[in-house]
Amino acid sequence: MTKNSTSSAPLRVAVLTSSTREGRFSPVVTDWFMRFAARRGDLELDLIDVAAHPLPGVLHSSDPGAAALLDAVSPRLDAAEAFVVITPEYNHSFPAPLKNLIDHHYSQWQAKPVGFVSYGGISGGLRAVEQLRQIFAELHAMTVRDSVSFHMAWEQFGEDGDPVNPQLPEGAGKGMLDQLTWWGHTLRTGRTERPYGA
């Protein structure tokens, strides 16, 4: 693939939906986001449901079963050029299985942008996002400024799964994805011309 075709190819975005609770609300938020992001022609989306990939609690386990679990998700993270994390807020933070997924990987996050869609009660999940920004900075990832947040999330969606006031999340979503795409293409070029080494 030539440099020009690489720069014009759709950005490969892994969308991580992180709630694993029984009766979770995340499918509603995730389904909306996937439909919204799919309207763009410049993104190639790969949905990774953390609940479908229960990774071992011990890092760097030599258990063959642990390797098989990682083999189901690690190549997809490695292939991604950008990430969107969809997270609720649990007790002022984000779900533990998401942290486990993050901690099982390192180079997969480096020199790639990360955007956020959060939901929760009055805070809309923003406290979870602020903690995730610190973690991804340690992993040499670039978090984009704008995010999407649903405050009192269960009141923000109709029975059809669409937001009751779509202009608000769609406006925020466009801003976040515009920034993610700019950084994604810029960092793609940077990694191609000068491999990142941390």
May I ask you to decide if H185's main-chain N or O and E81's side chain share a donor-acceptor pair within less than 3.5 Å? no
Please check if the side chain of Q179 supplies one atom and the backbone of D146 the other of a donor-acceptor pair under 3.5 Å. yes
Under a 3.5 Å distance rule, please check whether R76 uses its side chain to pair with a backbone N or O of D71 as donor and acceptor. no
For D160, I'd like to know if atom CG has over 12 heavy atoms of other residues, nucleotides or ligands within 6.0 Å. yes
Given side-chain contact (heavy atoms from CB on, under 4.5 Å), test F116 with F136 step by step and report yes or no. CA-CA 12 Å; F116 300 100; F136 279 113; 4.1 Å; yes
Pairwise side-chain contact, V114 with K112, heavy-atom cut-off 4.5 Å (strictly under): no
Please give me the minimum heavy-atom distance between G158 and V164, naming the atom from each residue. N-CG1, 3.7 Å
Is any side-chain heavy atom of P95 closer than 4.5 Å to one of P88? yes
Measuring only between side-chain heavy atoms, which start at C-beta, is V117 closer than 4.5 Å to M176? yes
Evaluation steps, salt bridge (Lys or Arg N to Asp or Glu O under 4.0 Å), between D78 and R12: CA-CA 10 Å; D78 196 49; R12 297 190 301 273; over 6 Å; no
Is the backbone of Y106 close enough, under 3.5 Å, to the side chain of Q108 for a donor and an acceptor to pair up by distance? yes
From F25, W32, Y119, residue fulfilling ring-ring contact (aromatic ring centres under 6.0 Å, His included) relative to F150: W32
Joint hydrophobic cluster, W183 plus I135, side-chain heavy atoms closer than 4.5 Å: no
Quick one: which of V84, I86, T30 gives a side-chain contact (heavy atoms from CB on, under 4.5 Å) with L47? T30
Does the side chain of L180 come within less than 4.5 Å of L43's, by heavy atoms? no
Which distance, rounded to the nearest 0.5 Å, do you find between the CE of M34 and the CZ of R39? 13.5 Å
Taking the side chain as everything from C-beta on, heavy atoms only, tell me whether L126 gets closer than 4.5 Å to S147. yes
Identify whether L187 and L139 are in the same connected component of the hydrophobic contact network (ILVMFWY, side-chain heavy atoms under 4.5 Å). no
W109 side chain reached by L77 side chain, heavy atoms, under 4.5 Å: yes
Short N-O contact, R35 and D31, less than 4.0 angstrom: no
Test side-chain contact (heavy atoms from CB on, under 4.5 Å) on V73 and H104 and set out the steps. CA-CA 10 Å; V73 67; H104 269 287; over 6 Å; no
Quick check on the hydrophobic clustering: are F83 and F94 connected, directly or via other members, by side-chain heavy-atom contacts under 4.5 Å? yes
Could you tell me whether the side chain of R191 and the main chain of A111 form a donor-acceptor pair under 3.5 Å? yes
Could you see if V50 belongs to whatever hydrophobic cluster contains L69? Use Ile, Leu, Val, Met, Phe, Trp, Tyr and a side-chain cutoff under 4.5 Å. yes
Could you tell me whether R127 and E130 have a side-chain N and a carboxylate O separated by less than 4.0 Å? no
Residues, nucleotides or ligands: over 12 heavy atoms within 6.0 Å of E138 CD: no
So if you build clusters from Ile, Leu, Val, Met, Phe, Trp, Tyr with side-chain heavy-atom gaps below 4.5 Å, do L101 and V13 land together? no
So P166 and F36, do their side chains get closer than 4.5 Å, heavy atoms only? no
Close side-chain approach of V148 and F33, heavy atoms under 4.5 Å: no
Where the side chain of N100 meets the backbone of P56, is there a donor-acceptor pair that is under 3.5 Å apart? yes
Could you check whether any side-chain N or O of S149 sits under 3.5 Å from a backbone N or O of S118, counting only pairs where one atom can act as donor and the other as acceptor? no
